[in-house]
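Quick notes on the structure that follows.
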Amino acid sequence: MFEPRSRAYLTDPNAFEKAVLAAWERSDILQQTAEARHDADPFVFYEGPPTANGRPGIHHVLARTLKDSVCRYQTMRGKRIERKAGWDTHGLPVELEVEKQLAISGKPEIEKYGLGPFNQKCRDSVFTYKEEWETLSKRIGYLLDYEKPYVTFDKDYIESVWFLLARFAANDLLYLGSKVLPWCGRCGTGLSSHEVGQGYLDIDDPSVWISFPLIAAPGALAGAALVAWTTTPWTLPSNMGVCVHPDFEYAIIAHDGKRYILLESKAAAVFGDGSWEVVGSVKGSELGGLCYTPLFTWQGGRVVHEGTHHHMVVVDDFVSDEEGTGMVHMAPYGADDFRIAQRDGLRAVLAFGDEARLLAEVAGVAVGTFFRDANKPLARDLKERGRLLKISQYRHSYPHCWRCETPLIYYPSPAWFLRTTAFKDKMVAGNKKIRWAPAEIGAGRFGEWLENNIDWALSRDRFWGTPLPVWVNQEDPEDWICVESFAQLALYAGDLGENFDPHRPVVDEICFPTPTPGKTGIMRRVPQVIDCWFDSGAMPLAQHHWPFENRERVAEQFPANFICEGLDQTRGWFYSLHAIATFLTQYDASLWESGKLWGENLPRLKPGGAYASCLVGGLLLDKNGVKMSKRLGNIVRPAEAIEEHGADAIRWGLLAGGAAHLSRRYDDKGIAEVRRRVLGTLAASYDFFALYARTEDWDVRAPRPPRQQREPLDRWILSQVASVAADNVVAWESLQPANAMRALETFIVDELSNWYIRRSRRRFWGAEGVASQAAAFATLYEVLHTTLRLAAPIIPFLTDALWQELTGSTESIHLQLFPDANNPADLIAVAIDEPLSAAMAPILRASSLGRAVRERVQIRVRQPLSKMVIHIANEDQLSGSPRAYEAAIREELNVKEIEWVEGTPDFLQVKAKPNFPRLGKRAGSDMKALGAAIGALDRATVFALQGGASVAVSVGDHVYTLEGEDIILQTESAAGMEAATDGLVTIGLVTELTPELLCEGLAREIMNRLQTQRKESGLEVQDRIEAVLSGDAAVQAAIAEHGAWIAEEVLAPHGLRWVDTPRAENNLEFRSWELPNEQRASIAISKIVLETA
RNA sequence: GGGCCAGUAGCUCAGUUGGUUAGAGCGUCCGCCUGAUAAGCGGGAGGUCAGAGGUUCAACUCCUCUUUGGCCCA
């Protein structure tokens, strides 16, 4: 107990923390916490599953620390938290990693390698760095149950996912549609958006303006042609419509005897200058529904959307007025185009197929022509037929295959969707109930995304993922089923075997006759797997194999009170969790109707989303503000940083570095500063306490004096820590840990260490009497007791080590309750004392001003001064009196006497300023003039106002009646002494040095040299000494006057011995010191051993 | 191309519902302290709050545009 720890911590935080970690593992802190909170209310936390096929970086430390801190805080609030780890194991990133490993690339090569072996590789790959993740997480103190994690590729997990998909199907929300996807014709493979993102190259394409003559158009439009622009002439054979913006005003332009319709601002780009004129205008919405003459006549191709309309003008606000003509040629190769075709019933036919080659002859261009090679001949044909108005070259950025650099083609492919739009309103409404931190993510980013919700494209044409459990009748594509469980599958297909693994390719081989009555045909599974975001979004249920098992447990652990992930999860996990939960609990009425499932009770899950609050973490950039990436090699390896600084300093540094959601920079120097400045100060404050608790034999069990009997400074620091505790609760509850930490840091460094302890040191060695000493110990103990608990969620290692030393308990701080001033059982119960806190502020300001004056007049603090005057403007409006702290400021500034100035002493130059918030509303536009008038008020008027009188001031035509509260009194200076003011507090120092003061100053100088010599001789603070001095006459006089006092301070029980000539004797060696004013002293000291009784 | 976020001292960041001297730490210069001592503290200097326009008696704060950076989606 009371062992000093700061040295050990500061020199090797890594070793220090590892010892704490070892203790946690010995005592199984996770298990202990669970037992301690066994009957407590649950606080539900969901761990967002990381993928362990890459190394964890420092940014993962940020996310995990945020999660851990909030959970530790809640545990200290008395809550029970399950902390189940999870692993995300499916998906394209895993496949890409394995492709790299095997040096293969693309679907054909994977198929050649074999699906079974490939998926086995994926399964192995996802846990490549599992151990590294676990080690790191444990080392940074992230408490999580790694023994029983949920794993998305587990058989049970997949079965739960199947069940959920079957629920979507049962509600008619699963359907087969088409999705426009990027495709590489050469590799024969679709690409993910992630892959597209890394393959943009600049290429030259023809830029063409095409005319679309309207058929049977009314009025001024008769005989006119629309003009559209494109850089992909190869898409023109598939033209199915022209899209206009409903709100644009299009110009009707006469040129060369013909009339065209397009935006006036774009006409010059087509027709040049001067040769055209505007003859009318038409609004986009009026063009909708008109038809035009097709560009090409040809047969064949692949129909991707049957429709009743051909070559028609459609209206949509995706059209922009920046490029082109304000009119867009529509072909089924664009996502917007295809969406509108489906919406408006346009017939969509592809001219180019799977290998990006022409499927049918068009305008003499041969079947099999690669899509980009068709650009020129098609353009030539259009030109000959007068449909091409202009052609030029256009350089732009275009997506290419990242493997082979072939330009990509986009077209619609079959895909399975979840009809999330069916319950969009419920998702939007549910989102409003989520407490987002920061709030703008919920209203803005996530809210916008939900408002614009489109159906979830669920399927992926890939290999390693949860197989889509849809089986289709090979004879009738309308006859399909979504399987809800392995048992159901076995019912259709027979026994699945002991070690059934639902992954591809095993599951692909399962087929069976259609169970649909009256139909024939074999059911085969569709080839797709599902989006791995569905996997992770299903985790609230699938992690417990719901509803096959754990129905009660899931009902209790749903929804989450809290989740926390990075900003990049908005459209990822945040969405998939929300969508699945909203559907299941609010849309799937038939599931809950009977209260039973398969004949057994199914506890109702609380209707709503999957989480009640969400803390969004920002991105972590390197110290230059650049995103960390493997490519740039600026990744910070967490292990190295931890070895250097320890986990606590990093945890504090990352969490305090700014509002959680902002991207911020990781700066090694910043972490080092936190370690020294904040954590070091906390440890040193404890050390100070421990040092004197030991030397003075203070007993933790001794009764502590009642608060009323302690000094104002004691009650002040208790009040401060109690209000920090109250603020911290607010900050944590609103998910703003950085705010909690800012308050805590100011408290630890400024208030506790630099003010309370500094000003109270003497009391601890009994220099101010027994009662004062007892009060000081009691107070500092209570404050440390509280501060450590406040900091425990953030810096679990240091606080636990100090806690056990401080309290002498072997019970971890993480089993304690968070400080609560409202709880009578808490050590800081009802400690908040507003008046006492308010009264300290002017004291701190006065002390700062006093130091500034001393600095200016070059009189060191060691030199006592006779008097200081303090004037506090509006002192009577303070809720407490600063005069309670007179002793503190007298000692701090080393002055003999404080004079509290009241009223209107002549030496104060004062000025009134308007109280803007009060007067602004009343005065309005007169405010400026009124302000000037107030500034010009004379001294007597200002003090009359202060005294409660009313004063009329006229400005322009108005007369304003001012009262005391309408002005703010400011002090400008104090005449006749060395003074300083900050406007509210003014101090003046009497700097005249009398012989007495000089003598005492010299005595303090001598004492300083004695103390320095003590320290440099390696003495302990409680060692007694013999002291012999010699020196000038002034020195001798100072010792004669103050020797007894000096002797007491430097622990020389026999007093100071004076010799005229310093000569070495026995253990005494003289050292010569320079003193101010070219005075000199020689001092010799030696330790004396006190006889013990 | 769309949505969201950010730009405040050399650096890292605070800044309440708009209110008139914009704060802290680090760094730098100067000084102090010594019964927490391989520490600690204070005082200076340093800012046209990214730029422009607008609303207002009053804008770092609200609105618009521009610009730079970031994230997500196309």
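Proteins come first, then strands; the chains are lettered A, B, ... in the order of their sequence lines, and each starts at number 1.
A/Leu802 and A/Arg5 get closest at one heavy-atom pair: CD2-CB, 3.8 Å. Contact record, A/Trp755 with A/Ala888: CZ2-CB, 4.2 Å, taken as the closest heavy-atom pair.
Look at the C1' atom in both B/rC32 and B/rU37: the space between them is 15 Å, to the nearest Å. Between B/rA50 and B/rU68, the two P atoms lie 16 Å apart (nearest whole Å). Using atom P as the reference point in both B/rG40 and B/rU17, the two lie 36 Å apart (nearest Å). Comparing B/rC4 with B/rU20, their P atoms are spaced 32 Å from each other, to the whole Å. Taking atom C1' on both nucleotides, B/rG2 is separated from B/rU61 by 28 Å, rounded to a whole Å. Look at the P atom in both B/rA38 and B/rG23: the space between them is 36 Å, to the nearest Å. Comparing the C1' positions of B/rA59 and B/rU16 gives a spacing of 16 Å, expressed to the nearest Å. Nucleotides B/rA52 and B/rC13, compared at atom C1', are 27 Å apart to the nearest Å.
Atom CH2 of A/Trp652 is separated from atom C1' of B/rC13 by 15 Å (rounded to the nearest Å). If you measure from atom CG of A/Asn739 to atom C1' of B/rC13, you get 12 Å, rounded to the nearest angstrom. Summarising the geometry, the separation between CD1 on A/Ile650 and P on B/rU12 is reported as 19 Å, rounded to the nearest angstrom. When rounded to the nearest whole Å, the span between CD of A/Glu673 and P of B/rU28 equals 12 Å. As a whole-Å value, the separation of A/Gln736 CD from B/rA14 P is 12 Å. Look at CG on A/Leu849: it is 9 Å from P on B/rG43, rounded to the nearest Å. Remark: C1' of B/rG42 and CD1 of A/Ile889 are 14 Å apart, rounded to the nearest angstrom. When the C1' atom of B/rA58 is taken as reference, atom CG of A/Asp926 falls 14 Å away, rounded to whole Å.
Each of A/Trp765, A/Phe2, A/Phe764 was compared with A/Phe777 under the ring-ring contact (aromatic ring centres under 6.0 Å, His included) criterion, and only A/Phe764 meets it.
Residues passing the salt bridge (charged side-chain N to carboxylate O under 4.0 Å, His left out) test with A/Arg860, sequence neighbours excluded: A/Glu1005. Checked against side-chain contact (heavy atoms from CB on, under 4.5 Å), A/Asp966 has the following partners two or more places apart in sequence or in another chain: A/Arg918, A/Leu919, A/Arg922, A/Leu962, A/Glu963. Judged as a side-chain contact (heavy atoms from CB on, under 4.5 Å), and not counting sequence neighbours, the contacts of A/Glu673 are A/Arg676, A/Arg677.
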Could I get a table of every N or O pair under 3.5 Å where one atom is in the protein and the other is in nucleotides 17-20 of chain B?
| from | atom 1 | to | atom 2 | distance (Å) |
| --- | --- | --- | --- | --- |
| B/rU20 | O2' | A/Lys913 | NZ | 3.4 |

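Looking at RNA chain B, the stems built from 3 or more consecutive Watson-Crick or G-U wobble pairs, each pair with its key distances under 3.5 Å, are B:1-7 with B:67-73, B:10-13 with B:23-26, B:28-32 with B:40-44, B:50-54 with B:62-66.
For A/Tyr410 and A/Tyr333, the gap between ring centers reaches or exceeds 6.0 Å.
Distance check, rounded to the nearest 0.5 Å: CZ of A/Arg761 to CZ of A/Phe688 gives 7.0 Å. Rounding to the nearest 0.5 Å places CE of A/Met741 at 9.5 Å from CD1 of A/Ile748. For the atom pair OG of A/Ser6 and CG of A/Leu682, the computed distance is 10.0 Å after rounding to the nearest 0.5 Å. Rounding to the nearest 0.5 angstrom, the gap separating the CZ atom in A/Arg1024 from the CG atom in A/Leu1019 is 11.5 Å.
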Original post:
Where along nucleotides 32-41 of chain B does protein come under 4.0 Å, by heavy atom, of base (B) or sugar-phosphate alone (S), with - for untouched nucleotides?
Top reply: SSSBBBS-SS
Subject >> Derivation of the ring pair (Phe, Tyr, Trp, His ring centres under 6.0 Å) call for A/Phe574 and A/Trp449 >> reply: CA-CA 11 Å; A/Phe574 296 159; A/Trp449 159 255; over 10 Å; no
